[in-house]
J.: 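The structure under discussion is supplied below as structure tokens; questions concerning it will follow.
Residue numbering restarts at 1 for every chain, and letters A, B, ... go by the order of the sequence lines. Keep in mind the model is a prediction, meaning the values are calculated, not measured.
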2 protein chains.
Amino acid sequence: MPVPVLNSGQTSGMGDTGSRTLRLLSLLQGRRWWPGAELAERLGVSVRTLRRDMDRLRELGYPVEAQRGVDGGYQLAPGAALPPLVLDDEEAVALAVGLQSAAQAPVAGTAEASLRALSKVVQVMPARLRRQVEALRAATVSAPWQQAAEPLPVGPLTAVAVACRDAERLRFDYVTADGRSGARHVEPHRLVPLGRRWYLVAYDLERHDWRSFRLDRVEAPRGTGARFAPRQPPAADAAAFVRAGIAALARPIEVEAVVRAPAAVVRQRIGRWAEAEDVAGEAGPACRVRMQADDEGWAVMALGSLGVEFTVVEPPELRARLREVAARLERAAGLSAAPQRTPTGR
Amino acid sequence: MPVPVLNSGQTSGMGDTGSRTLRLLSLLQGRRWWPGAELAERLGVSVRTLRRDMDRLRELGYPVEAQRGVDGGYQLAPGAALPPLVLDDEEAVALAVGLQSAAQAPVAGTAEASLRALSKVVQVMPARLRRQVEALRAATVSAPWQQAAEPLPVGPLTAVAVACRDAERLRFDYVTADGRSGARHVEPHRLVPLGRRWYLVAYDLERHDWRSFRLDRVEAPRGTGARFAPRQPPAADAAAFVRAGIAALARPIEVEAVVRAPAAVVRQRIGRWAEAEDVAGEAGPACRVRMQADDEGWAVMALGSLGVEFTVVEPPELRARLREVAARLERAAGLSAAPQRTPTGR
DNA sequence: GAATTGAGGACAGGAACTGGCACCTGTCGT
DNA sequence: ACGACAGGTGCCAGTTCCTGTCCTCAATTC
């Protein structure tokens, strides 16, 4: 039957209490305050039964609060546990888009949880909604200069996450750092957010060893359907394993700079990607900023965007890059408005 | 047996089929594949009853798929409608953080939906989780240079959204553009995402007229508990009303530039905030970019971050700003590593 | 104090749920 | 091809639970 969501409609004679309870939950989530009479009418039951439904909800642990007297009503309050969320299509799409951007740029502790939640949603999301999410994803470049972290499509990300969760073997094509590509067949162990990227720790079934894969180099991952018994992981901490692996290859640039602004301001702006500590400056507030970047352009923009004076301390190469960008901006300012001019661009 | 959510406990004698159905849903969402026997055991019912539960779910519209034979099992597939999501605490926090950042930087069509979903979650979220969200929010500055959109705390944003949804009067302090602050008492009508900000369209009960308020200037909004009957809105399209209001005051800068890169690349990087169209360039690909910004620095960074040559066409003032930034970067590059130097900064 | 609105007990009829059993139907391994 | 496995279905009997109605309280507002 074409049930929209938890609601068969007028329900002429059917007295299915389970579905009704969910509808009630949905109604309570959709508006803060409801008069009992209206709820009863919407659910197609008597007021007495509505009260019984409320009792049921309360027994299940939902903090349904009621107000008596004139203008009384019911309301769902924050409680100990989170009730099941009943979302409509638009909300689900928004949720997926939001969660995805949260998963892309992993915040402290929420990355894994974001991914788990995202997997749950995507797994049960109708195909048409998934297409919407994919379409909107293109619009959610979180930061223009953050090209290092190209947004991953939802599908692959969650596909891998689900495979990890369910201990399902995985096949994909992988492009190594030196550009060679090849098919892989692995037993996925865990997804690790590190820096601004996701890494997959997995047991490579052909190389018979543990490997870590950069997720943005994983192409077309697909579960094989074959489940496996979890192996002894290569390290107690999967993140440590990945860190050890990538430390051997490309190490990110360690940037250190002195910025003529209070540390608080810098933290506010660059946030999680930098550490800032105030230093004594004889010319107004200043702070020392340390950050990691795997792209010089990124660091330049992050610092330049602060809008205050700064000096680069640590990687001398960065100065050349700064001059380069400065020159480019200078050219952009100097050129006439006419689009045709010297092709200095790449 | 000690089921976390949706379960009152062992329920000695009560045959709570509704709760069990939800638990089943939760289990199915938490793992892709389940053998029937295990599910039955977890739910404490016979396999026969489990099958009936599956039937129930299917009747409710959930696409439960089953696999027969050795190694068979059940799995919840994407279907026509979205089932209620059963999330744990961490996932809920991640969801709130993600949705909030999605709501902060409104993407095309998802802003309102994000906010709706966020309201639903926050409304029923236990206080301890709300504190976690608030704590994590600080870490989610979406883009360093995007200082224009200081992140709004979750509380106020959703408080206003809920008040709009439920037609509840609202009190708050408001700081006008010229710095005066005062208490307001309004009937909130709608939240409108415009540019990178939220505006509240509301009927001001003291000034007896419709006003639009910039949400980041709204302080400590709190619902009064008094509900009101919706008035005739000031305009069919709330967004138009806001647009008319702010057009009278500070109009954003219209930036036009020619960038030496394909339009597709620019769109990818600056995404939703700019329109780009390819133009014929005799020196490689080029495109004309139009964007709105209410901050010159923003525009400079957006363009500068593209990493390619460009020229500013439209606001001549922007060129001065470009030179200024270029000079600053040049100074940052030229200065010695020692932090002490001429205080050219502001 | 009256009106409103939720809380809760009692009751009777009826609907629905549960477990068990038999049997069918795909799927996979031997 | 055969058998084991696991889900699908029909049926039955017993029990439970749900629902609407009627009535009385309790809290809140005017």
J.: For a side chain to side chain contact (heavy atoms under 4.5 Å, CB included) with A/W34, tell me which candidate from A/L24, A/L76, A/L28 qualifies.
T.: A/L28

J.: Roughly how many Å is it from CZ in A/R51 to P in D/dC18, rounded to a whole number?
T.: 17 Å

J.: In this structure, how many angstroms lie between the P atom of D/dT9 and the CZ atom of B/R56, rounded?
T.: 14 Å

J.: Provide, to the nearest angstrom, the distance between the OH atom belonging to A/Y74 and the P atom belonging to C/dT4.
T.: 17 Å

J.: State which of D/dT19, D/dT9, C/dG19 makes the closest approach to the side chain of A/T49.
T.: D/dT19

J.: Assuming nearest nucleotide by heavy-atom distance, tell me which of B/G73 and A/D53 is located more 5' along DNA chain D.
T.: B/G73

J.: Could you check how far CD of B/E38 sits from P of D/dG7, rounded to whole Å?
T.: 11 Å

J.: Applying ring pair (Phe, Tyr, Trp, His ring centres under 6.0 Å), run through A/F172 and A/F213 and close with a yes or a no.
T.: CA-CA 11 Å; A/F172 54 85; A/F213 302 93; 5.2 Å; yes

J.: Roughly, in whole Å, what's the span from CD in B/Q67 to C1' in D/dC5?
T.: 13 Å

J.: What is the distance, rounded to the nearest whole Å, between atom CD of A/E65 and atom C1' of C/dT5?
T.: 16 Å

J.: Quick one: pull up OH in B/Y203 and CG in B/D209 and give me the separation to the nearest 0.5 Å.
T.: 6.5 Å

J.: What nucleotide, of C/dG6, C/dT18, D/dG7, holds the atom closest to the side chain of A/A66?
T.: C/dG6

J.: Can you tell me if the side-chain N/O atoms of B/R48 get under 4.0 Å from OP1 or OP2 in D/dC12?
T.: no

J.: Select one nucleotide: of D/dG8, C/dG20, C/dG6, the one nearest the side-chain heavy atoms of A/R68.
T.: C/dG6

J.: Nearest whole Å is fine: how far is C/dC17 P from B/L50 CG?
T.: 14 Å

J.: Name the residue from B/V97, B/V121, B/L95 that meets the side chain to side chain contact (heavy atoms under 4.5 Å, CB included) definition with B/V133.
T.: B/V97

J.: Could you check how far CZ of B/R52 sits from C1' of C/dG19, rounded to whole Å?
T.: 7 Å

